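Small disclaimer: the values here were computed from a predicted structure and weren't measured. We count ligands from 1, going down the list as the structure has it; atoms in each ligand are counted the same way.
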Amino acid sequence: MVQGELLYEGKAKKVYATDDAGLVLMTYKDDATAFDGRKKGTINNKGIVNNRVSCLLFKLLESKGIETHLVEQTDDRKVVVKKLDMIPVEVVVRNRVAGSLSQRLGLEEGIPLSSPVIEFYYKNDDLHDPMINESHAMVMGWASEAELLDIKTKALKINEVLQDFFDGIGIILVDYKLEFGVFAGRVLLGDEISPDTCRLWDKESLEKLDKDRFRRDLGKEEEAYQEVVRRIEKALL
Ligand code: ADP
Ligand code: UDP
């Protein structure tokens, strides 16, 4: 696989063309940002952990029949994926109250939700990723009604698989963000699932093992990320 031109540099990853028009190469960085990029820093080896965690979780999802963009991890920071036509909607799945839901509704963090809550946000840094509903997504032409139904069905299936898996390694999957894109007419799961994009709490101590350690200046970010990859590898390798 030949690494071609840089197509896009985001906050956490770079996306390169390859010699196959249907594939791109993503490289994971250690840069950490929060609060719309107002807080910037580095978490040592974050890129390596996030690439590993994401590849292992995507493989797990594939094994349960959920199509993803994953092709092959080629290096500790690199992964070859199918080039998706990204749907500019961030799909947040919540199993417990935390973060923006806690703030918006004035509810204490940690309250379990009786069934998963799915939220949609328009992926646009300049507008600070505003929350949207399905009508907005359809009318703006970001996703069709059929694609939204597909996304919701897939998000709930993903949630079943991941909640069960994390529970088995002593972690509560509090909430997380998914991104989907279209490849050859099919909606596939893209981007990443990692401690950057999930809230992961130790089941016993409720210690945070995710990016909230960085957002909230809790320290020991690197150790928390390493603990997540250690438990996932122990369960899956
Ligand atoms: P951001 O754009 O939010 O700063 P990243 O730094 O993670 O995020 O950049 C990765 C970019 O690649 C994101 O914009 C994401 O939507 C996009 N992306 C993820 N998976 C794919 C894929 N399979 N094909 C094309 N683009 C993708
Ligand atoms: N999330 C993400 N990227 C975003 C926004 C949210 O990965 O641009 C994840 C976040 O890590 C958390 C979940 O989505 O696991 C819900 O985030 P929330 O709406 O609570 O926003 P936050 O308070 O984290 O900004």
Side-chain angles (χ1 to χ4, degrees), residues 6-18 20-40 46-47 50-51 54-55 58 67-72 77 79-105 107 109-110 113 116-132 142 155 159 162 166 171-184 186-201 208-216:
L6 178 66
L7 299 175
Y8 174 82
E9 175 159 7
K11 298 182 289 292
K13 300 190 282 300
K14 293 181 186 178
V15 183
Y16 293 89
T18 69
D20 183 330
L23 303 178
V24 288
L25 181 89
M26 298 200 310
T27 67
Y28 281 74
K29 309 190 281 187
D30 287 348
D31 302 351
T33 62
F35 313 119
D36 279 331
R38 277 178 284 123
K39 181 175 164 110
K40 287 193 174 70
K46 173 174 88 82
N50 285 356
N51 192 25
S54 206
C55 285
F58 277 39
E67 286 182 284
T68 78
H69 67 170
L70 180 67
V71 176
E72 188 188 8
R77 288 179 185 273
V79 61
V80 176
V81 297
K82 290 178 180 136
K83 184 179 185 177
L84 307 186
D85 189 4
M86 295 305 290
I87 295 169
V89 174
E90 296 192 338
V91 180
V92 167
V93 183
R94 301 181 184 275
N95 295 308
R96 290 197 183 215
V97 172
S100 69
L101 180 65
S102 150
Q103 284 171 1
R104 206 168 48 247
L105 301 187
L107 297 169
E109 283 203 315
L113 296 162
V117 167
I118 298 184
E119 296 170 352
F120 300 104
Y121 295 83
Y122 176 37
K123 188 172 162 69
N124 183 312
D125 283 341
D126 293 339
L127 298 175
H128 316 294
D129 297 348
M131 192 189 228
I132 56 165
W142 298 324
N159 193 50
L162 292 185
F166 275 110
I171 289 175
I172 301 169
L173 179 59
V174 173
D175 60 27
Y176 53 102
K177 182 265 300 175
L178 302 170
E179 290 187 32
F180 294 88
V182 179
F183 184 84
R186 300 183 66 78
V187 174
L188 267 56
L189 177 66
D191 206 50
E192 65 178 276
I193 303 179
S194 71
D196 262 14
T197 64
C198 301
R199 284 197 170 89
L200 305 168
W201 296 355
K208 298 184 200 315
L209 303 172
D210 57 60
K211 198 168 149 185
D212 272 347
R213 300 207 73 84
F214 171 76
R215 292 190 190 96
R216 302 179 187 190

Evaluation steps, salt bridge (Lys or Arg N to Asp or Glu O under 4.0 Å), between D212 and R199 = CA-CA 7 Å; D212 272 347; R199 284 197 170 89; 2.6 Å; yes

Does [X], backbone or side chain, put an N or O under 3.5 Å from an N or O of ligand 1?
X: A12; answer: yes
X: L84; answer: yes
X: D125; answer: no

Going by the closest heavy atom to [atom], which one wins out of [options]?
atom: atom 21 (O) of ligand 2; options: A34, P195, S100; value: S100
atom: atom 4 (C) of ligand 2; options: R199, K123, E90, H128; value: E90
atom: atom 17 (C) of ligand 1; options: D196, D191, L70, I87; value: D191

Side chain, backbone, both or neither: which part of [X] comes within less than 4.0 Å of ligand 2 when only heavy atoms are counted?
X: V92; value: side chain
X: Q103; value: neither
X: C198; value: backbone

Taking atom [atom1] of [X] and atom [atom2] of [Y], what is their separation to the nearest 0.5 Å?
X: K13; Y: N50; atom1: NZ; atom2: CG; answer: 8.0 Å
X: E179; Y: L188; atom1: CD; atom2: CG; answer: 13.5 Å
X: F166; Y: L200; atom1: CZ; atom2: CG; answer: 5.0 Å

Closer than 4.0 angstrom: is that true for some heavy atom of D196 and an atom of ligand 2?
->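 So D196 counts as touching ligand 2.
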
Does Y121 reach ligand 2, in the sense of a heavy atom lying below 4.0 Å from it?
->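 In this structure, Y121 qualifies as a contact of ligand 2 - some heavy atom is under 4.0 Å.
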
Those atoms of ligand 2 less than 4.0 Å from some heavy atom in [X]:
X: G99; answer: 20 (O), 23 (O)
X: Y176; answer: 14 (O), 15 (O)
X: D129; answer: 8 (O)

Give the intermediate values and the outcome of salt bridge (Lys or Arg N to Asp or Glu O under 4.0 Å) for residues D30 and K46.
-> CA-CA 5 Å; D30 287 348; K46 173 174 88 82; over 6 Å; no

How are the rings of Y122 and W142 set relative to one another: parallel (under 30°), tilted (30 to 60°) or perpendicular (over 60°)?
->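 Rings of Y122 and W142: parallel, as their planes differ by under 30°.
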
Flag the pair [X] / [Y] as yes when at least one side-chain heavy-atom distance between them is below 4.5 Å, and no otherwise.
X: L209; Y: P195; value: no
X: C198; Y: D210; value: no
X: N95; Y: L113; value: no

Are R96 and E109 close enough for a salt bridge, meaning some N to O gap below 4.0 Å?
->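 So R96 does not pair with E109 through a salt bridge.
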
Could you tell me the residue and atom name of the protein heavy atom closest to [atom], and the distance to it rounded to 0.1 Å?
atom: atom 2 (O) of ligand 1; answer: Y8 OH, 2.5 Å
atom: atom 3 (N) of ligand 2; answer: K177 CE, 3.6 Å
atom: atom 21 (C) of ligand 1; answer: M86 SD, 3.6 Å
atom: atom 12 (C) of ligand 2; answer: D175 OD1, 3.1 Å
atom: atom 11 (O) of ligand 2; answer: R215 NH2, 2.9 Å
atom: atom 12 (O) of ligand 1; answer: V15 CG2, 3.6 Å
atom: atom 4 (O) of ligand 1; answer: K11 N, 2.7 Å

At a 4.0 Å threshold, what atoms of ligand 1 neighbour a non-hydrogen atom of E179?
-> 15 (C), 16 (O)

Going by the order shown, which atoms of ligand 1 are within less than 4.0 Å of some heavy atom of V81?
-> 23 (N)

Derivation of the salt bridge (Lys or Arg N to Asp or Glu O under 4.0 Å) call for K83 and D20 = CA-CA 10 Å; K83 184 179 185 177; D20 183 330; over 6 Å; no

Counting distance only, does the side-chain N/O of [X] pair as donor-acceptor with the main-chain N or O of [Y] below 3.5 Å?
X: R77; Y: Y28; answer: yes
X: S102; Y: L107; answer: yes
X: T33; Y: K11; answer: no

Hey, are R94 and S100 close enough side-chain-wise for a donor-acceptor pair under 3.5 Å?
->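 The answer is yes; a qualifying pair exists.
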
For residues D129 and N124, is any side-chain donor paired with an opposing acceptor at under 3.5 Å?
-> no

Per-atom contact, atom 25 (O) of ligand 2, protein heavy atoms, under 4.0 angstrom = no

May I ask whether K123 has any heavy atom positioned less than 4.0 angstrom from an atom of ligand 1?
-> yes

Ligand 2 N/O within reach of E119 N/O, cut-off under 3.5 Å |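 The answer is no, given that E119 and ligand 2 share no N or O pair closer than 3.5 Å.
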
Where's the contact between K13 and ligand 1, heavy-atom distance under 4.0 Å: side chain, backbone, both or neither?
-> both

